[in-house]
Every structure is written in structure tokens, then in C-alpha cells.
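Accompanying notes for the structure given below.
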Amino acid sequence: MCCESKRRFLLLYATQKGQAKAIAEEIWQQAGAHGLEADMHCISEMDKYNLETEKDPVVIVISTTGTGEPPDTARKFVKKIQDKTLPPDHFAHLQYGLLGLGDSEYMFFCNGGRTVDRRLQELGAQHFYDTGLADDCVGLELVVDPWIDGLWLALKEALQLQKEKEGMNNAVSAVSSSLSTAPHAVHELKLSSEVQNLKLEDEGARGSDTLSQKLDDINHVAPARDAEPSLVHSVPPVSQSALNIPALPPEYIEVEFQDTQGENPHLSSLISEGRTFEVPVTKAIQLTREDAVKTALLLELDIADTAFEYQPGDAFCVICPNNVSEVEKLLHILGLSEKGDDFVCVKVKQGTKKKGAVRPQHIPERSTLKFILTWCLEIRAIPKKAFLRALVECTSDAGEKRRLQELCSRQGASDYTHFIRDSNVCLLDLLHAFPSCKPSLSLLIEHLPKLQARSYSVSSSDLYQPGRLCFVFNIVEFPAGPSRPVSRKGVCTGWLAELVAPLLHPSKNSQGTKGESSSTEKISIFPRPNNAFHLPADPSVPFIMVGPGTGIAPFIGFLYLCNTKYFLLHICF
């Protein structure tokens, strides 16, 4: 048995913001402990796998983006399998399990995963494990964790059945026959995103993917001072439980400071979605009164000298930086305030135990430290449990270390949801709450996701306003709270509001009309066409437009083109 080679399965992920990839990597890391080997690829890398000839089980992790669309990395794959000329038995040989990620606050929940799942079924593929649909609204981990736990038995049984079909010798057949009597309850569970249907009890250590901290090891930790739990304090039963915590993720990034000077990469190099355009902001108008609950702004961009094209209903993305003061605070906590403008070289650590480790695509090989923290890493991201687990090793205070262990453990799942996820806690909040935690720069690069460009709906028409692109947005506000010591504005909306403040409130010495400017303030954008959200091809067709709040934005562009007299526009600012 000890010499038996690990059995392979194909692991595909389709991600928009990195969530699906992170979960796929977790599956890949755990596979070895179960005697399995995951052959992992992005679903867009169709030259590295072939479902038409795939004999081993396939595991797919796929997110949803936009208005229920598959992520950009899955577009070619979805187009390929939706070919109507494919026969109904095209994938009759294929066994797969699918984990979809979505957010129930949006109408088409997990539609990216549902679309792929439905089409694979139509082409004859069979489930070896029931589909899981994880809801980002209540916490992906509430479905993801039990789904992964049940995956291993399902995979082993699928591989065992595959061996039987290939024809095994009598000895293996006897083992197979004994396995066939084992309960199938684990992978027959109907997983849903309803929290009340999930039982997250302690099932003991899961092997090398968990570490158990015994009560004897934590008796020296002082009990919580407060009667109620908080981000930094726990109460029984969590405070008195032995914990099942994730295995420590292997380190794989190395950062070297360099004495040489140079230039930072252009922002366009950070974007894989296509061509970017640097355009000036020519107008800014506040649409709401000063005493309004929310502040809504309309911005106009000059695209006359670019090849940027759009039509009403489309969206576009703004490349935005992290808040300058937050970057400075992070540099201070890291003890690197004096090195923000120094160039660093980021590379894979020699001898790392992370198989297939590569430098993250969103991190330049060479740039200044401040550039990485400002333009590359989402420092506002809600920390994943794997990140919390890694932060444990950077924490010197025993009480703080214990609390971080609780927050990333199975026993502390509810505390994690309430005090971190629902409270929108970010890295800076954690470092403020746990001052003895001193992570390295390489750890942040390993665990913080890519700083995503923010998407906005177009609220203009190129036919009516040639060379102009308008969009409307609310300035997002995050008030201070028990887990967040200071209030914050949205990463992009706060930056845009600060950028256009001179247009909204011109000084007495400035020339020109309020809201308009001859300044050279520019932002970088790239198009994101929406093929499913356009006016009817027949202009005589009546239609209703409902725009709650800034949801009216795309309809403004529609109205410029609207020739029908049958419409209703409902505005709820």
C-alpha cells in the first residue's frame, strides 16, 4: 500500500476575482493527504486538458460575475460547450463534481456554475458528487468547507468504479466489493447555501489538513474579560474548545530589496482583460443634496482621442489605487515606512513546499514597494481563514495567537462570520486589534488578492454625446464600529470623489464653470461590454425600466436612444 501511486483527478477553476482559484488551490493542497493528486488548471487553459478524452473524475470550481455570467476566464469554454451541433452523448464518458460560487443578493445566483452544470448534463456527463452552491452573502465557507470534506470519499469511490470498468484483478475486485458496502451519505448530501441546513460540528482532525490544539496547551491563556464575544475576545464554548485549524499554508514568495532605481510598470500591465485607456475627467456633478443619506456623483470622461467604443447598456472598469493613508499605515506597521519608494524583486522562494508555485500574475517582478501596496494588492480584502492561519505564526502574544486560531477554526466559524466577514474587517483592522501580529511583506503578497478594477454602468450615449463617457455612482461609506476603529469610504468611489473635489468645489481663484475643468486629472479605464443588457432591436417594442438609486445609470443612455412613448422610469434616490 505504501508504494501505491496517488490517483489523479482533473481540477479546473474559473475565477473573476480570485475566489474560485483560492478554493481550487485549497483542494489541490489537501488532495495529497487523501492519497490523491489534483491536476489543476484554469479552465481557460484548454490546451492543457481535454474533456473530450478525459477518463479521470473532473472537479470544477466556478464563480459568477456581472448579471449572472460566467467569469471572463470561462467565456471560451462556455462558448465551446454551448455549440448546438454537439451530440447529446458528447460527454457521456465524463464524471464530474461542480462547486459554484455566487451571491444571493443578485438575481441570478450562481448562474455561472448552473450554466456549466446544466450544459454538461445535457451533453451526457454524470455527477460523481452533488453540485454545491456557495453563497458569498452569508459566507462561502458555510458550503465550501463541508463540500470539500465530502469530496474525498466521493472521488475515491469514483476512481474505484473507474478501476472496475478498466478491469481489475481479483484481489482489487475484493477490495472494491468491500468498499461498495460503505455508506454513500457524504456525497449524497444536498448542499445548499441555507445556513440552517448545514451542520458544522467538530468531526475531529481531518488528517494533515488540520491541526488540533489541546486544552492543556492553552490553559495559560487568560480568559476573555467581556461577557460577550468580540473580534479579540471569545467566550465558551469556543474559548474552552480544542480547535481544528487549517494546516499552515507553505511559504512560496521571496522579496528582495534592491539599491537600483528605475520606473514602475505601467498600469496597463496589471490588466489582462484587454486594452486600457487613460482619459481625462472633464466634468463632475453632485446629483444629491448636501443633507442626503447618500452622495451620488456624475462624472464625464473625454474619450474623443481614443479608440474606446461602447453602447448604452455596456459597462466599463476603472483601475483604482488603495487609499494613500492606509498604505502609509500599513508600511508603518510593517516597519517599512522608510522603504516605500525602494525597488523590490518578487520571486518564488527556493525550496518551497508549494507545488507548482509561481509569482502571482498581478505582482510585477520588479517595482517599488509602495507600487505593490497601492496598485496591486487588495489591502481592504476580508482575510480568508488560510490568511488568519498564517498570521498566527506572526503573532507573539499568547492570547492574541489563541484568538486568531479560534477565528480560523471550525469551532470558531460563527465568530469568523460575525466579527470578520459580516463586519468587513480588513488586514489593517486585524493588525490594529492584534498588535503583536507582525506579518512579513512576502506573506501579504501570498495571501492578499489582486486589487480589482471597479465596474460601472455607462450612463450616456455616444450617438448623443460623441466623444464623451458618463457614469453615476454613490460614494460608498463604511462607518466605524467595534471591529473597525475608523470610518472609511469605498476604495474606488472614495478615490474618485477626492480626485474630482476641485471640480465640485472650485476655489475662488479658479476659472471656469463649477463642475467643469481644464485640469489634466486622468483615470485609466477599459471596456466591459454587456451583450445581454441592451435596448430591443425593434424600437417600437414597449419596455419598462426600473432603476433603484444609481441603478438608473444605464437607463439614462437608453433614454437618449428611446423612440417609443411606452415606458415607465421609476427613480428611487
Side-chain angles (χ1 to χ4, degrees), residues 13-22 42 44-45 65 71-73 75-76 252-281 301 303 305-310 315-324 326-327 330-331 336 339-349 356-381 441-442 444-456 469 491-492 495-496 499 520-529:
Y13 65 86
T15 191
Q16 186 71 26
K17 296 183 178 180
Q19 295 266 37
K21 181 180 180 181
C42 178
S44 63
E45 300 173 317
T65 188
D72 293 343
T73 53
R75 287 187 178 182
K76 290 183 179 179
Y252 70 97
I253 287 295
E254 188 173 69
V255 179
E256 292 181 354
F257 283 87
Q258 299 181 329
D259 295 329
T260 57
Q261 298 299 312
E263 293 185 359
N264 283 312
H266 193 271
L267 294 183
S268 60
S269 66
L270 305 178
I271 303 301
S272 59
E273 289 84 350
R275 185 178 178 185
T276 62
F277 301 88
E278 190 176 23
V279 295
V281 181
L301 309 178
I303 59 171
D305 296 330
T306 73
F308 189 99
E309 296 181 351
Y310 74 93
F316 70 99
C317 292
V318 176
I319 303 175
C320 59
N322 286 308
N323 181 272
V324 173
E326 292 176 28
V327 171
L330 189 54
L331 285 170
L336 298 171
K339 294 190 175 183
D341 294 321
D342 289 2
F343 274 78
V344 295
C345 179
V346 179
K347 56 185 179 181
V348 175
K349 188 175 184 179
V358 295
R359 174 174 51 84
Q361 293 182 350
H362 57 278
I363 302 296
E365 184 176 4
R366 186 176 181 277
S367 66
T368 63
L369 173 55
K370 193 173 291 185
F371 181 86
I372 293 176
L373 295 179
T374 303
W375 294 99
C376 304
L377 296 177
E378 186 90 59
I379 64 176
R380 288 270 196 92
L441 176 61
S442 58
L444 304 192
I445 294 175
E446 290 171 359
H447 288 277
L448 287 175
K450 174 185 177 181
L451 177 58
Q452 296 288 337
R454 270 43 175 184
S455 180
Y456 297 94
L469 172 68
V491 173
C492 190
W495 171 66
L496 288 173
L499 192 71
T520 56
E521 293 291 358
K522 294 183 178 182
I523 63 174
S524 294
I525 64 173
F526 59 91
R528 186 175 176 79

Step-by-step side chain to side chain contact (heavy atoms under 4.5 Å, CB included) determination, Ser524 to Phe277: CA-CA 5 Å; Ser524 294; Phe277 301 88; over 6 Å; no
Spacing of Glu45 atom CD and Lys76 atom NZ [to the nearest 0.5 Å]: 11.5 Å
Side-chain touch Asn322/Val491, heavy atoms, less than 4.5 angstrom: yes
Contact check, side chains of Phe257 and Leu336, non-hydrogen atoms, under 4.5 Å: yes
Spacing of SG belonging to Cys317 relative to CZ belonging to Arg454, to within rounding of 0.5 Å: 10.0 Å
Lys/Arg-Asp/Glu bridge criterion (N-O < 4.0 Å) met for Lys17, Glu378: no
Residue pair Phe526 / Ser268, side-chain heavy-atom distance below 4.5 Å: no
Side-chain donor-acceptor pair present, Asp72, Gln16, cut-off under 3.5 Å: yes
Reported CD1-to-SG distance for the pair Ile319 and Cys492, which is rounded to 0.5 angstrom: 10.0 Å
Atom of Ile379, atom of Leu373 and distance for their closest heavy-atom approach: CG2-O, 4.1 Å
Spacing of CD belonging to Gln258 relative to OG belonging to Ser367, to within rounding of 0.5 Å: 10.0 Å
Thr374 and Leu451, any side-chain heavy atoms less than 4.5 Å apart: no
Side chain to side chain, Phe316 and Leu469, heavy atoms closer than 4.5 Å: yes
Gap separating the CD1 atom of Ile525 from the OG1 atom of Thr306, nearest 0.5 angstrom: 7.0 Å
Over all atoms of both residues, closest heavy-atom pair of Pro71 and Thr65: CA-CG2, 3.8 Å
Over all atoms of both residues, closest heavy-atom pair of Asn264 and Thr368: OD1-N, 2.9 Å
Parallel, tilted or perpendicular: rings of Trp495 and Trp375 (30°, 60°): perpendicular
Side-chain touch Leu267/Phe371, heavy atoms, less than 4.5 angstrom: yes
Donor-acceptor pair, side chain of Arg366 and main chain of Pro364, under 3.5 angstrom: no
Leu330 vs Leu444 side-chain heavy atoms within contact, under 4.5 Å: yes
Contact summary for Ile445 and Pro360, nearest pair of heavy atoms: O-CG, 4.2 Å
Polar side-chain atom of Glu446 near backbone of Ile253 as donor-acceptor pair, under 3.5 Å: yes
Intermediate values then yes/no, side chain to side chain contact (heavy atoms under 4.5 Å, CB included), Ile303 and Tyr310: CA-CA 11 Å; Ile303 59 171; Tyr310 74 93; 3.8 Å; yes
Between CG on residue Asp341 and CG on residue Leu369, distance to nearest 0.5 Å: 9.0 Å
Where Leu496 and Ile523 come nearest, the two heavy atoms and their spacing: CD2-CG2, 4.2 Å
Least distance between heavy atoms, Leu448 atom then His362 atom: O-NE2, 4.1 Å
